[in-house]
Engineer: 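Could you have a look at this structure, given as structure tokens, before my questions?
The residues of the chain are indexed from 1 along the displayed sequence.
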Amino acid sequence: MRVLGIETSCDETGVAIYDEKDGLLINKVYSQMLLHANYGGVVPELAARNHIKKLVPLIKSLLKETTLSIRDINGIAYTVGPGLSGSLLVGSSFGRSLAFALDIPALPINHLEGHIFTPFIDNNHPIFPFVSLVISGSHTLLVNVIKLGRYQLLGQTIDDAVGEAFDKIAHLLGLKYPGGSKLSHLAHQGRKDRFTLPRPLINRPGLDFSFSGLKTYTANLVNKENNDMQTQADIARAFEDAVIDSLLIKSKRALEFTKINQLVIVGGVSANRHLRSSFNKLMASRNILYARPELCTDNGAMIAYAGFLRLKNGEQYQELTINVYPRWSINNLF
């Protein structure tokens, strides 16, 4: 069984093929980073147009490099939400139409569900239950993953997503968009404990996150201090430490609440090396899984794999209507 995965939820065009016997055969991602850099963020209309231009050539290159025919594909999985409406419509329209033309199963996938199962692409099948920490540019949430398709939202950000906060502070420090990884590199040169930033909501019950107050506090610090390069690095380090501490504290609380010992950390921010080393050090008694770095950001492999899991579970989409869900809670999957 081979599943073609299509990911077009935001500004990466991702396509991949997952094979039941041989695993991930190929994964290709076209990033629109340079296209949006001049605007300091993603422009939805430009993103959708670029997906239209890149999707078919990317799929053709997949088939050419694997020497497969389109007829060798047994199912097509595509992201239908959450994400940008126009971008979602591009991938969903193409994926559903191609599945209809080939008379093979169509598998609409929740983007967050795709992220949640990414570490298992290289580590066999999921072992349920587990807690998943999803941290990316648009999402920050803790999920109790009971089984495929059954999820309990434990907590989420009440304002900025962690990746969004990273990008905003990076911009204040003069780093070019997208600045999250650049800020982390700068933080590596910073001195620990020169500045102490707040850890929002850690002293309140519950598992929700907040990063907007931390962002404002950091912005005021940037405006107040003499911003030579070392000071910028020290601020970046303090900000990154505060974010990681907040994520650590709430993740530990989630594991204690659910009485689960397995934590799966996914999303673009999960590639952060400081975050991984901190979690590994301070949660050594827990079983922690990550995806390999190139699969942390949006990609077709996670959609292909989630589609494979659902197809193995006997699921497929029969209707010809094409629906997308720009806002789609992990609690409400069909």
Side-chain angles (χ1 to χ4, degrees), residues 41 131-143 153-175 177-257 263 265-283 286 288:
V131 172
S132 182
L133 172 64
V134 184
I135 40 177
S136 68
S138 302
H139 308 284
T140 302
L141 61 155
L142 281 161
V143 182
L153 180 63
L154 301 172
Q156 61 187 329
T157 180
I158 61 174
D159 39 58
D160 290 355
V162 61
E164 181 184 9
F166 263 94
D167 282 340
K168 288 179 177 178
I169 297 305
H171 176 72
L172 289 175
L173 292 173
L175 304 174
Y177 175 87
S181 60
K182 299 180 181 70
L183 185 143
S184 184
H185 178 74
L186 181 63
H188 185 68
Q189 304 166 43
R191 293 171 293 192
K192 184 176 176 62
D193 297 331
R194 178 181 172 188
F195 299 109
T196 301
L197 274 59
R199 276 67 169 157
L201 300 187
I202 63 169
N203 294 319
R204 296 185 188 179
L207 295 168
D208 285 336
F209 301 93
S210 172
F211 296 104
S212 123
L214 172 61
K215 181 189 67 179
T216 301
Y217 190 100
T218 309
N220 290 336
L221 185 62
V222 171
N223 292 330
K224 175 183 175 183
E225 293 293 325
N226 176 24
N227 281 311
D228 57 80
M229 286 302 296
Q230 186 58 57
T231 297
Q232 289 188 345
D234 295 342
I235 292 173
R237 174 64 185 270
F239 175 78
E240 186 176 64
D241 285 346
V243 168
I244 292 172
D245 281 352
S246 298
L247 296 172
L248 258 169
I249 290 166
K250 292 303 178 76
S251 295
K252 283 183 177 179
R253 194 177 293 176
L255 293 172
E256 291 166 359
F257 172 76
L263 178 66
I265 306 177
V266 298
V269 181
S270 71
N272 183 296
R273 288 180 294 175
H274 185 196
L275 180 142
R276 292 193 180 203
S277 64
S278 297
F279 267 80
N280 291 340
K281 179 180 179 181
L282 298 176
M283 299 182 71
R286 310 287 191 175
I288 304 178

Engineer: Count the heavy atoms belonging to other residues, nucleotides or ligands that lie under 6.0 Å from OH of Tyr177, then report whether that count exceeds 12.
Structural biologist: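 Yes, OH of Tyr177 has more than 12 neighbouring heavy atoms, counting only those of other groups under 6.0 Å.
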
Engineer: Taking distance alone, no hydrogens or angles, what donor-acceptor pairs closer than 3.5 Å link side-chain atoms of residues 238-249 to residues at least two apart or in another chain?
Structural biologist:
unit_1: Glu240; atom_1: OE1; unit_2: His274; atom_2: ND1; d: 2.9
unit_1: Glu240; atom_1: OE2; unit_2: Ser184; atom_2: OG; d: 2.8
unit_1: Glu240; atom_1: OE2; unit_2: Asn272; atom_2: ND2; d: 2.8
unit_1: Asp241; atom_1: OD1; unit_2: Arg237; atom_2: NE; d: 3.2
unit_1: Asp241; atom_1: OD2; unit_2: Arg237; atom_2: NE; d: 3.1
unit_1: Asp245; atom_1: OD2; unit_2: Arg199; atom_2: NE; d: 3.1
unit_1: Asp245; atom_1: OD2; unit_2: Arg199; atom_2: NH2; d: 2.7
unit_1: Ser246; atom_1: OG; unit_2: Ala242; atom_2: O; d: 2.9

Engineer: Which pairs pass salt bridge (Lys or Arg N to Asp or Glu O under 4.0 Å) with one or both residues in residues 177-188, sequence neighbours excluded?
Structural biologist: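 Output for this query is empty, none listed.
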
Engineer: The criterion is side-chain contact (heavy atoms from CB on, under 4.5 Å); which residues satisfy it with Gln230, sequence neighbours excluded?
Structural biologist: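 For Gln230 the side-chain contact (heavy atoms from CB on, under 4.5 Å) partners, ignoring immediate neighbours, are Arg191, Asp228, Ala233, Asp234.
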
Engineer: Using the salt bridge (charged side-chain N to carboxylate O under 4.0 Å, His left out) criterion, which residues pair with Arg273? Sequence neighbours excluded.
Structural biologist: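 By the salt bridge (charged side-chain N to carboxylate O under 4.0 Å, His left out) rule, Arg273 matches no residue at all.
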
Engineer: Identify, with sequence neighbours excluded, every residue that meets side-chain contact (heavy atoms from CB on, under 4.5 Å) alongside Ser251.
Structural biologist: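 By the side-chain contact (heavy atoms from CB on, under 4.5 Å) rule, Ser251 matches Leu133, Leu142, Leu263, Phe279.
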
Engineer: Report the residues that fulfil side-chain hydrogen bond (donor to acceptor under 3.5 Å, both in side chains) with Arg276, sequence neighbours left out, ordered by chain and then residue number.
Structural biologist: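 Listed in chain order: nothing, the list is empty.
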
Engineer: Could you tell me if the side chain of Ile288 sits less than 4.5 Å from the side chain of Ile265, heavy atoms only?
Structural biologist: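 Yes. Closest side-chain heavy atoms under 4.5 Å.
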
Engineer: For Asn220, enumerate each residue passing the side-chain contact (heavy atoms from CB on, under 4.5 Å) test, keeping only those at least two apart in sequence or located in another chain.
Structural biologist: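 Per chain and number, Asn220 pairs via side-chain contact (heavy atoms from CB on, under 4.5 Å) with Thr216.
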
Engineer: Quick one: CD1 on Ile235 to CZ on Phe195, what's the gap to the nearest 0.5 Å?
Structural biologist: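 That separation rounds to 5.0 Å.
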
Engineer: Calculate, to the nearest 0.5 Å, the distance between atoms OG and CG belonging to Ser132 and Leu154 respectively.
Structural biologist: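 Interatomic distance, Ser132 OG to Leu154 CG, rounded to 0.5 Å: 10.0 Å.
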
Engineer: Considering only distance and modelled atom types, tabulate donor-acceptor pairs under 3.5 Å from the side chains of residues 161-175, sequence neighbours left out.
Structural biologist:
unit_1: Glu164; atom_1: OE1; unit_2: Ala161; atom_2: N; d: 3.4
unit_1: Glu164; atom_1: OE2; unit_2: Lys168; atom_2: NZ; d: 3.1
unit_1: Asp167; atom_1: OD1; unit_2: Gly179; atom_2: N; d: 3.1
unit_1: Asp167; atom_1: OD1; unit_2: Gly180; atom_2: N; d: 2.9

Engineer: Show which side-chain atoms of residues 201-215 pair as donor or acceptor with protein atoms under 3.5 Å away, not counting sequence neighbours.
Structural biologist:
unit_1: Asp208; atom_1: OD1; unit_2: Gln156; atom_2: N; d: 2.9
unit_1: Ser210; atom_1: OG; unit_2: Asp159; atom_2: OD2; d: 2.7
unit_1: Lys215; atom_1: NZ; unit_2: Asp160; atom_2: OD2; d: 3.0

Engineer: To the nearest 0.5 Å, how far apart are NZ in Lys250 and OG1 in Thr140?
Structural biologist: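 Nearest 0.5 Å value for the NZ-OG1 distance: 11.5 Å.
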
